[in-house]
Chemist: 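Sharing a structure with you now.
Because the structure is predicted, anything quoted here is derived from the model rather than measured. Because only heavy atoms are used, hydrogens play no part in the values below, and waters and symmetry mates are left out as well, while side chains stay in.
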Amino acid sequence: MIPAKISVEKKILLTARRLFCRVGIHATGIARIIEESGASRRSLYTHYGSKENLLKAVFEAEANIWFRWFDSDLPAMKCSAGDRILALFDLMRDWFDSEDFYGCVFINAVAEHEKSNGWIQEIANGHREKISAKLQAIVAESGAHDPWMVTEKLNLLIDGTIVTAMVTGNSDIAHIGRMAAEDILRNTK
C-alpha cells in the first residue's frame, strides 16, 4: 500500500514497480499506472517522459535498496566480514517480509523480455556487476582464498533465494539461504 503523504512522482514510481513485477512490464499499460497511482497522465509524462524512462527509474529505485545495504547498512555493523555477508540474508528476509516485495525487478524484466533486448539486459548486467564488486570486496576482506569464485557462488545463492521467496511467498527461505552461505564461507580458506 502506498503511503498517503508522498509525492505524485513517488506514487507513480511505486505503482509502476508493483505492477511491473506483479503483472509484467508488457502487460502494464500507462493507463493502469495512472489509474492505480491516482496521478494524471500529464504528471506521469512530466516526471518520467515515457514508460521506458519509468522502467529505468524503477530499476534505479531497486538498485538503491541494494546500494543502501552495501554502502550503509552492512558497513555499520560491528562484526566480521563473514558475518556481514550472512547479515545480507537477514536484510533480504526483511525485504521478503515487506509488503512491497514482488521479486527482483531486474530478474523479472530479463525473464520477461527477449534476451536480445539489449538495454534491459545491459542495465541488469550493470547492476549485477556493481553489486558483485561490493560483495567481492567483503568476501576478500573475509580472507577467502578465491574471492571471485566465492562471490559467484554467493551470487547464485542470492538470486536463487530471491526467486524462491518470490515463487513460494515464504520469507523463511532467506534463513535457508543464510545457512547455505555459511557452508560456502566455511569452505573458502
Side-chain angles (χ1 to χ4, degrees), residues 1-76 87-135 137 155 158-159 161-169 171 174:
M1 185 150 130
I2 298 174
K5 291 194 176 203
I6 62 169
S7 69
V8 171
E9 181 179 8
K10 184 85 171 180
K11 283 182 184 178
I12 294 167
L13 182 70
L14 293 173
T15 301
R17 181 174 176 257
R18 177 178 50 80
L19 291 172
F20 289 161
C21 287
R22 282 201 172 161
V23 178
I25 296 163
H26 290 304
T28 300
I30 293 295
R32 185 164 180 189
I33 295 168
I34 290 167
E35 178 185 332
E36 293 196 24
S37 69
S40 68
R41 181 174 293 276
R42 182 174 183 214
S43 291
L44 187 143
Y45 285 104
T46 297
H47 292 295
Y48 297 103
S50 68
K51 183 178 175 180
E52 183 176 303
N53 287 341
L54 179 54
L55 177 58
K56 288 176 182 178
V58 168
F59 286 143
E60 184 178 332
E62 182 142 325
N64 287 336
I65 293 170
W66 288 88
F67 296 143
R68 184 185 70 238
W69 290 348
F70 278 97
D71 296 338
S72 179
D73 296 348
L74 293 173
L88 177 61
F89 289 87
D90 300 332
L91 292 170
M92 289 170 46
R93 183 183 187 143
D94 292 343
W95 180 38
F96 300 162
D97 279 334
S98 71
E99 65 180 34
D100 65 343
F101 174 69
Y102 316 107
C104 173
V105 70
F106 296 99
I107 293 171
N108 294 352
V110 170
E112 181 179 340
H113 283 78
E114 292 181 35
K115 304 313 174 250
S116 61
N117 188 338
W119 76 269
I120 289 177
Q121 192 84 25
E122 187 177 309
I123 287 174
N125 282 331
H127 172 71
R128 184 183 191 280
E129 288 171 12
K130 289 175 188 171
I131 295 305
S132 289
K134 291 176 182 294
L135 180 57
N155 278 331
I158 289 165
D159 289 345
T161 301
I162 293 168
V163 170
T164 303
M166 180 188 66
V167 169
T168 66
S171 64

Chemist: Given side chains that start at C-beta, do those of Asn64 and Glu60 come closer than 4.5 Å, heavy atoms only?
Modeler: yes
Chemist: Looking at every non-hydrogen atom in both residues, tell me the closest pair between Ile162 and Phe101 and how far apart they are.
Modeler: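 For Ile162 and Phe101, the tightest heavy-atom pair comes out as O-CZ, 3.9 Å.
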Chemist: Flag the pair Leu55 / Ile123 as yes when at least one side-chain heavy-atom distance between them is below 4.5 Å, and no otherwise.
Modeler: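 Answer no - side chains too far apart.
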Chemist: How about Ile131 and Ile158: do any of their side-chain heavy atoms sit closer than 4.5 Å?
Modeler: no
Chemist: Identify the heavy atoms of Ser40 and Ile34 that sit nearest to each other, and give their distance.
Modeler: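 Distance-wise, the nearest heavy atoms are C-CG2, 4.2 Å.
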Chemist: Find out whether Lys134 and Trp66 are in side-chain contact, i.e. whether some heavy atom of one side chain is under 4.5 Å from a heavy atom of the other.
Modeler: no
Chemist: Does the side chain of Met166 reach to within under 4.5 Å of the side chain of Ile107, using non-hydrogen atoms?
Modeler: no
Chemist: Kindly indicate whether the side chain of Phe106, heavy atoms from C-beta on, has any atom under 4.5 Å from the side chain of Arg128.
Modeler: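 Phe106 does not reach Arg128 side chain to side chain.
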Chemist: From Ile12 CD1 over to His47 NE2, what is the distance, rounded to the nearest 0.5 angstrom?
Modeler: 5.5 Å
Chemist: Might you point out which heavy atoms bring Phe96 and Thr161 nearest each other, and give the distance in Å?
Modeler: CE1-CG2, 3.7 Å
Chemist: Using atom types as modelled and distance alone, determine if a side-chain donor or acceptor of Tyr48 lies under 3.5 Å from a backbone N or O of Ser43.
Modeler: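 Judged by distance alone, no pair lies under 3.5 Å.
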Chemist: Identify the heavy atoms of Thr15 and Ile33 that sit nearest to each other, and give their distance.
Modeler: CG2-O, 3.8 Å
Chemist: Do Tyr102 and Glu62 have side chains that get closer than 4.5 Å, going by heavy atoms?
Modeler: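 Sidechains of Glu62 and Tyr102: no contact.
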Chemist: Working to the nearest 0.5 angstrom, can you tell me the gap between Ser171 OG and Arg93 CZ?
Modeler: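 Reported to 0.5 Å precision, the distance equals 4.5 Å.
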Chemist: Can a donor-acceptor pair be found, under 3.5 Å and without considering hydrogens, that links the side chain of Ser98 to the backbone of Trp95?
Modeler: yes
Chemist: Please walk me through it: do Glu52 and Lys56 pass salt bridge (charged side-chain N to carboxylate O under 4.0 Å, His left out)?
Modeler: CA-CA 6 Å; Glu52 183 176 303; Lys56 288 176 182 178; 3.4 Å; yes
Chemist: Closer than 4.0 angstrom, basic N to acidic O: yes or no for Arg18 and Asp100?
Modeler: no
Chemist: For Ile25, does its backbone N or O pair with a side-chain atom of Thr28 as donor and acceptor, under 3.5 Å?
Modeler: no
Chemist: Where is the tightest heavy-atom contact between Val110 and Ala124, given as atom of each residue plus distance?
Modeler: CG2-CB, 3.5 Å
Chemist: Quick check: do Glu112 and Ile120 have side-chain heavy atoms less than 4.5 Å from each other?
Modeler: no
Chemist: Compare every heavy atom of Arg41 with every heavy atom of Ile30, then report the nearest pair and how far apart it is.
Modeler: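 Where Ile30 meets Arg41 most closely, the heavy atoms are CG2-NH1, 3.7 Å.
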Chemist: Classify the angle between the aromatic ring planes of Phe59 and Trp119 as parallel (below 30°), tilted (30 to 60°) or perpendicular (above 60°).
Modeler: perpendicular
Chemist: How many angstroms lie between CG in Leu13 and CD1 in Ile6, if you round to the nearest 0.5 Å?
Modeler: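 CD1 of Ile6 is found 8.5 Å from CG of Leu13.
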Chemist: If you measure from CG on Leu74 to CZ on Arg68, what distance do you get to the nearest 0.5 Å?
Modeler: 10.5 Å
